[in-house]
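Note sheet for the following structure.
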Amino acid sequence: GLSLVLKRMNIPAIPAQLVREVLDPMGVAAVKPLPPGMSGARVFRLGLRTGELRVLKRWPPDTSLDRVAEVDRIVTHSRERGCALTPQLFPIIPARSGDPESSGETMESAHSTVGPTHRLISNACWQVMQWMPGQPLQETADLESIERGAAAIAEFHRSVADLGSSTEPAAAIGTRLRRAAELKPLVAQLMAMGPSAVLEVTDPQLEAALFQARQLVIWKWDEVANTITRSLNRYVGEPLYNQFVLRDVHRENALFVEGLPMGLIDFDAVRIDTPWTDLARWAGSFLGGPHPSEQVWEASMAGFSRNHPLNEGPEMEFGGRLARDLSFATNWIGLTNWLVWLVLEKRSFATSARTIASRIEGLRRSAVS
């Protein structure tokens with residue numbers, strides 16, 4: 001039945017083996033493709049015959065099963081520690097013994113193992129998880145919702161803190177300093193190409209977003225790069241508290257219902273780093289909205305400090321400064337990265353041009369706030 005439904009809906013991305021061995025036994029009656037994200041993952045909403053909703057995810061093709069297993073372990077641990085914001089991962093029927101696709105070979109490693117919550121089928125890694133209700137906040141969200149979102153992020157941090165922590169220099173500092181240095185000659189190339197370089201983009205909204213971004217970056221980059229280098233160099237070598245954090249927790253990756261956070265999504269970037277990098281991403285994604293930046297930071301810090309183990313006064317004050325410096329660097333580097341990827345490198349992305357344009361416009365507004 002489901003195979004015929006998929007054929008009628010023209011959804012060839014889901015292989016027949018997955019339908020036969022995973023979706024049919026699970027009782028899936030309906031499948032709806034969701035808009036692809038930036039990472040290259042594919043996501044489908046599953047409707048079960050019981051009326052329950054779930055999510056089918058196909059990981060990006062360059063992701064090893066070792067990495068998938070690590071993310072699964074972190075998400076499952078968070079859930080077991082009582083964080084209802086993280087989705088439940090559902091067991092998938094194990095591959096049959098002797099099935100060549102169950103041998104453990106991955107897209108980039110021949111030494112990984114297939115875990116209970118993911119399967120390698122047709123050279124892609126698949127998993128099924130809980131459907132998290134709600135919608136992302138808009139850039140215009142009220143301060144109370146922004147505060148609750150920061151508290152939700154801290155709740156995730158608290159739920160995985162016992163997976164391991166350390167005191168050492170934060171990876172976020174070095175990666176941003178290195179990227180800022182790498183972008184200097186690339187910005188020079190953008191200047192040399194002239195404003196007509198963005199005219200090859202066919203979507204008018206994306207073309208306008210790139211045009212405005214290019215003007216701003218060329219005008220401000222030398223000053224911005226100096227500010228990034230000066231501000232972040234203060235933390236180089238500084239021993240900071242590190243643990244597993246989300247690292248990509250901008251406003252689109254937290255779902256709300258009537259102003260209350262109901263779920264976190266997209267754990268693909270989770271790694272050991274300073275928790276302040278998550279606060280930087282969260283608050284930074286609202287800086288282009290209607291609220292003064294100081295109010296956004298106050299709301300974010302208030303929510304973060306409620307749930308976080310780092311809620312001592314001196315530590316919070318230091319972390320607040322670090323988060324602001326990281327946010328400044330992240331927004332400017334993110335804006336410039338899009339110019340490099342689309343104008344210089346001519347990359348293509350699975351997501352729509354309008355979605356990319358919206359992301360660029362948001363980064364531009366945040367950068368100048």
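Reckoned from all heavy atoms, side chains included, excluding hydrogens, waters and symmetry mates.
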Margin query: Test question: given the 4.5 Å side-chain rule for I, L, V, M, F, W and Y, name all other residues clustered with V257, or answer none.
Written below: M262
Next item on the list: Could you walk me through whether Y241 and F318 pass ring-ring contact (aromatic ring centres under 6.0 Å, His included), step by step?
Entry: CA-CA 12 Å; Y241 174 80; F318 172 85; over 10 Å; no
Next item on the list: With rounding to the nearest 0.5 Å, note down the distance linking CG in L177 to OH in Y235.
Entry: 11.5 Å
Check: Which is it for E21 and R119 under the side-chain contact (heavy atoms from CB on, under 4.5 Å) test, yes or no, and what are the steps along the way?
Finding: CA-CA 10 Å; E21 298 182 7; R119 283 280 307 278; 2.9 Å; yes
Margin query: Could you check whether any side-chain N or O of R81 sits under 3.5 Å from a backbone N or O of H77, counting only pairs where one atom can act as donor and the other as acceptor?
Written below: no
Note to self: With a 4.0 Å cut-off on N to O distance, would you call R67 and E70 a salt bridge?
What the structure shows: yes
Next item on the list: Look at the side chain of R306 and the backbone N and O of A151, then say whether any donor-acceptor pair between them is shorter than 3.5 Å.
Entry: no
Margin query: Applying salt bridge (Lys or Arg N to Asp or Glu O under 4.0 Å) as the test, list every pair that has at least one member in residues 291-303; sequence neighbours left out.
Written below: E294-R324
Check: Considering all heavy atoms of both residues, which atom of W297 and which atom of A283 are nearest to each other, and what is their separation?
Finding: CZ3-CB, 3.6 Å
Item checked: S231 side-chain N/O to T227 backbone N/O, donor-acceptor pair under 3.5 Å -> yes
Next item on the list: Would you sort out whether L342 and L206 count as a side-chain contact (heavy atoms from CB on, under 4.5 Å), showing the intermediate values?
Entry: CA-CA 10 Å; L342 295 175; L206 181 55; 4.2 Å; yes
Next item on the list: May I ask you to decide if L363's main-chain N or O and S366's side chain share a donor-acceptor pair within less than 3.5 Å?
Entry: no
What donor-acceptor contacts under 3.5 angstrom involve side-chain atoms of residues 333-341, with partners at least two apart or in another chain?
from: T336; atom 1: OG1; to: W332; atom 2: O; distance (Å): 2.8
from: N337; atom 1: OD1; to: R179; atom 2: NE; distance (Å): 2.8
from: N337; atom 1: OD1; to: R179; atom 2: NH2; distance (Å): 2.9
from: N337; atom 1: ND2; to: I333; atom 2: O; distance (Å): 3.4

Next item on the list: Can you see which heavy atom on R247 is nearest to which on A269, and at what distance?
Entry: NH1-O, 2.5 Å
Notebook entry, point to check: Only one of T274, L279, T277 clears side chain to side chain contact (heavy atoms under 4.5 Å, CB included) with L322; which?
Noted result: T274
Note to self: Using the rule that Ile, Leu, Val, Met, Phe, Trp and Tyr join whenever any side-chain heavy atoms are under 4.5 Å apart, tell me whether W221 and L216 fall into a single cluster.
What the structure shows: yes
Check: Is E144 salt-bridged to R148, cutoff N-O under 4.0 Å?
Finding: no
Notebook entry, point to check: So how far is it from S358 OG to E139 CD, rounded to the nearest 0.5 Å?
Noted result: 8.0 Å
Check: Under a 4.5 Å side-chain heavy-atom rule over Ile, Leu, Val, Met, Phe, Trp and Tyr, are V217 and L183 clustered together?
Finding: yes
Item checked: Reported CD1-to-CZ distance for the pair I74 and F244, which is rounded to 0.5 angstrom -> 4.0 Å
Notebook entry, point to check: Do S369 side-chain atoms and S293 backbone N/O form a donor-acceptor pair below 3.5 Å?
Noted result: no
Note to self: By the salt bridge (Lys or Arg N to Asp or Glu O under 4.0 Å) test, which pairs, at least two apart or in different chains, include something from residues 267-276?
What the structure shows: K57-D268
Note to self: So which atom in T86 and which in R79 form the shortest heavy-atom distance, rounded to 0.1 Å?
What the structure shows: O-NH1, 2.7 Å
Checklist line | R20 versus P25, closest heavy-atom pair with distance | finding: O-CD, 3.4 Å
Note to self: Can you tell me which residue among V249, L246, D248, V43 is in a side chain to side chain contact (heavy atoms under 4.5 Å, CB included) with D266?
What the structure shows: D248
Checklist line | Atom pair CG (L143) and CZ (F286), whose distance is rounded to the nearest 0.5 Å | finding: 10.0 Å
Item checked: Heavy-atom neighbours of Q135 CD exceed 12 at 6.0 Å -> no
Next item on the list: Find the distance between OG (S78) and CZ (F267) and round it off to the nearest 0.5 Å.
Entry: 6.5 Å
Notebook entry, point to check: Is a donor on one side and an acceptor on the other found under 3.5 Å between the side chain of H250 and the backbone of G284?
Noted result: no
Note to self: Using a 3.5 Å distance criterion without hydrogens, assess whether the side chain of T229 forms a donor-acceptor pair with backbone atoms of N226.
What the structure shows: no
Notebook entry, point to check: Do you know the tightest heavy-atom contact between R281 and T330?
Noted result: CD-CG2, 3.4 Å
Note to self: With rounding to the nearest 0.5 angstrom, report the CD1 to CG distance, I228 to D325.
What the structure shows: 10.0 Å
Check: Is P35 close to T351 at the side-chain level, that is, under 4.5 Å between some pair of heavy atoms?
Finding: no
Check: Of all heavy-atom pairs between I92 and Q127, which one has the smallest distance, and what is that distance?
Finding: CD1-CA, 3.7 Å
Notebook entry, point to check: Do any pairs count as a salt bridge (Lys or Arg N to Asp or Glu O under 4.0 Å) and have a residue in residues 212-222, sequence neighbours left out, and if so which ones?
Noted result: K220-E223
Notebook entry, point to check: Which residues satisfy the salt bridge (charged side-chain N to carboxylate O under 4.0 Å, His left out) test with R73, sequence neighbours excluded?
Noted result: none
